[in-house]
Trainee: 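Please read through the structure below; I'll follow up with questions.
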Amino acid sequence: MLTRTNSRWSARSAGLGVTWQEPSVSCRLRMVDMVLEVRDARIPFSSANPELEKLVRLKRRLLVLNKADLAAPDKQQAVLYRLEEQKLQALFTSSQKRGSIQKLLQAVTSRLQQDKPKADMLMIMAVGIPNSGKSSLINALRHAAKLGKHSSSGGKAATGATPGLTRHIAGFQVGERPTAFLMDTPGVMLPNVPNEQTGMRLALTGAVKDSIVGEERLVRHLLLELAHQALQSKGANQKRMQWPGMAEGEKMSLLQEAVLSAVNAASPAASDSHAFSSEVRHDDSTTALHSSQNDVDVDAGMATFHLAMKQNTLDQDRLSAVYRKVLVAYRTGDFGRYTLDSLT
């Protein structure tokens with residue numbers, strides 16, 4: 001279970017794999033010349049891991065903020081600025097977009113050519129928490145390297161929606177002059193879960209199995225997150241008729257309509273669009289979202305959602321199936337593009 005121990009939330013028993021003290025992974029990291037740390041662009045800070053920091057602090061490192069097509073475009077520059085303040089080089093990437101992958105490949109080879117132009121062979125390792133899109137990114141880089149007429153070897157890295165699916169080490173050539181090889185690692189890097197808010201955001205993006213937290217609890221937290229996002233983008237008297245990114249007049253699905261109604265019901269009413277602000281409060285044990293005057297009413301949102309979906313007549317198994325559909329729809333961008341981590 002995802003349990004709370006000594007005021008900290010632990011994913012150690014979540015079935016996500018071994019820790020980063022596992023010898024073979026640590027040894028491989030010591031041998032490589034460059035590390036590609038793959039993070040989820042929707043949670044660019046929550047998907048970091050302090051254990052990795054200890055192992056790669058003296059390595060060349062590039063943060064690959066993957067799934068950029070699902071993150072809020074208007075917050076990406078602020079994310080990069082904050083990472084630059086931490087002296088971290090980062091690049092937003094989408095493994096589904098060829099141009100984005102080519103840009104990443106060029107950034108990697110350019111960095112190596114600049115730092116070690118006369119090296120005989122260089123090793124690059126890709127690391128990342130489960131479901132950050134690491135395996136899909138590696139497969140896209142392999143394809144891009146082939147198109148660039150680099151030789152390649154090894155089979156595809158296994159991908160899937162279940163955290164920790166990648167099970168083997170694979171490698172292929174991604175550059176020449178110097179010759180560079182990219183190695184994959186199994187998806188075993190445990191997420192860092194210092195508090196409940198981080199844990200829920202990791203779970204919403206799929207880094208923690210839904211069954212560990214519970215689908216209903218995740219949907220409730222999703223409504224909380226979306227309602228706070230809505231407070232930042234609209235006055236409470238201003239109805240959002242469609243999800244961000246949808247074309248004017250585009251027909252919404254029943255699920256999109258139900259969740260949108262739930263978000264509006266959960267958002268507090270106010271006459272002044274500046275009456276509310278969403279912020280993150282930090283303390284020793286938790287990170288709590290709150291608004292400056294009124295809390296989001298998640299219960300009202302859930303009641304509206306159940307009514308819209310006619311869920312009052314469904315049994316628990318069918319309810320769980322509906323909740324799973326909501327989570328899949330969120331993770332594939334049906335409700336718009338959001339960055340969950342606070343930038344304040």
Side-chain angles (χ1 to χ4, degrees), residues 1-3 8-22 24-26 28-29 35-56 61 63-71 93-96 125-141 156-170 182-215 217-218 221-222 324 327-328 330-333 338-341:
M1 296 177 62
L2 188 67
T3 57
R8 295 177 71 83
W9 287 73
S10 174
R12 294 286 178 184
S13 56
L16 298 179
V18 298
T19 71
W20 275 99
Q21 281 69 41
E22 200 274 328
S24 64
V25 175
S26 300
R28 285 184 173 87
L29 279 171
V35 174
L36 297 184
E37 181 186 349
V38 185
R39 297 186 187 180
D40 190 315
R42 296 167 294 181
I43 48 171
F45 309 110
S46 295
S47 52
N49 191 301
E51 292 299 319
L52 179 64
E53 295 285 339
K54 298 175 185 177
L55 294 172
V56 303
R61 178 163 49 142
L63 299 189
V64 182
L65 303 177
N66 196 29
K67 303 186 180 182
D69 52 318
L70 298 176
T93 305
S94 172
S95 59
Q96 308 301 317
M125 179 173 280
V127 298
I129 64 171
N131 248 28
S132 59
K134 174 173 65 72
S135 295
S136 296
L137 185 75
I138 289 170
N139 289 335
L141 283 169
K156 288 185 177 181
T159 65
T162 301
L165 180 59
T166 308
R167 300 298 185 193
H168 65 279
I169 301 291
L182 175 64
M183 292 195 305
D184 183 18
T185 54
V188 295
M189 188 172 77
L190 288 173
N192 179 47
V193 190
N195 52 59
E196 182 179 5
Q197 186 66 37
T198 299
M200 294 302 290
R201 286 174 173 172
L202 286 163
L204 275 180
T205 54
V208 176
K209 294 178 181 178
D210 295 346
S211 58
I212 293 170
V213 180
E215 289 92 351
R217 186 180 178 195
L218 279 173
H221 192 80
L222 176 61
R324 286 193 292 271
L327 295 172
V328 169
Y330 163 72
R331 290 166 184 163
T332 54
Y338 298 96
T339 299
L340 299 181
D341 281 344

Trainee: Restricting to non-hydrogen atoms, name the atom on V127 and the atom on K134 that form the minimum distance, rounded to 0.1 Å.
Mentor: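 The answer is C-CD, 3.6 Å.
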
Trainee: Could you tell me whether a side-chain N or O of R201 sits under 3.5 Å from a main-chain N or O of I43, the two making a donor and an acceptor?
Mentor: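 Between the backbone of I43 and the side chain of R201 there is no qualifying donor-acceptor contact (under 3.5 Å).
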
Trainee: Can you tell me how far the CD atom of Q197 sits from the CG atom of L202, to the nearest 0.5 Å?
Mentor: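 So the CD of Q197 and the CG of L202 are separated by 10.5 Å.
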
Trainee: Tell me whether the count of non-hydrogen atoms from other residues, nucleotides or ligands lying under 6.0 Å of CD in E215 goes above 12.
Mentor: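 Counting neighbours around CD of E215, more than 12 heavy atoms of other residues, nucleotides or ligands fall under 6.0 Å, so yes.
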
Trainee: To the nearest 0.5 angstrom, please state how far the CG atom of L137 sits from the OG atom of S94.
Mentor: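 Rounded to the nearest 0.5 Å, the CG-OG separation comes out at 9.0 Å.
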
Trainee: Testing the basics here: between A203 and L218, what is the closest heavy-atom pair and its distance to 0.1 Å?
Mentor: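 Looking at all heavy atoms of both residues, the closest pair is CB-CD2, 3.5 Å.
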
Trainee: Are E53 and R61 close enough that some pair of their side-chain heavy atoms sits under 4.5 Å apart?
Mentor: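 Sidechains of R61 and E53: in contact.
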
Trainee: Looking only at side-chain N and O atoms, does S132 offer a donor or acceptor that is under 3.5 Å from a partner on N66?
Mentor: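 Not at all, the side chains of N66 and S132 share no donor-acceptor pair under 3.5 Å.
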
Trainee: Would you give the length of the straight line joining atom CZ of R39 to atom OG1 of T93, rounded to the nearest 0.5 angstrom?
Mentor: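 One finds 13.0 Å between CZ of R39 and OG1 of T93.
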
Trainee: Looking only at heavy atoms, what is the nearest atom pair of D40 and S47, with distance?
Mentor: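 So the two residues come closest at N-OG, 3.3 Å.
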
Trainee: Can R324 and D210 be said to form a salt bridge (charged side-chain N to carboxylate O under 4.0 Å, His left out), step by step?
Mentor: CA-CA 9 Å; R324 286 193 292 271; D210 295 346; over 6 Å; no

Trainee: Flag the pair L204 / L327 as yes when at least one side-chain heavy-atom distance between them is below 4.5 Å, and no otherwise.
Mentor: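 Touching, per the 4.5 Å side-chain cut-off.
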
Trainee: Test L36 against L182 for side chain to side chain contact (heavy atoms under 4.5 Å, CB included), laying out the working first.
Mentor: CA-CA 9 Å; L36 297 184; L182 175 64; 4.1 Å; yes

Trainee: Please check this pair: side chain of R42 against backbone of Y338, looking for a donor-acceptor N/O pair closer than 3.5 Å.
Mentor: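 No.
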
Trainee: Roughly how far, to the nearest 0.5 Å, is CG of N131 from NZ of K209?
Mentor: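 These two atoms lie 11.0 Å from each other.
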
Trainee: Taking S95 for the side chain and A140 for the main chain, is one N or O donor matched with an acceptor at less than 3.5 Å?
Mentor: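 Here the side-chain-to-backbone pair does not exist.
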
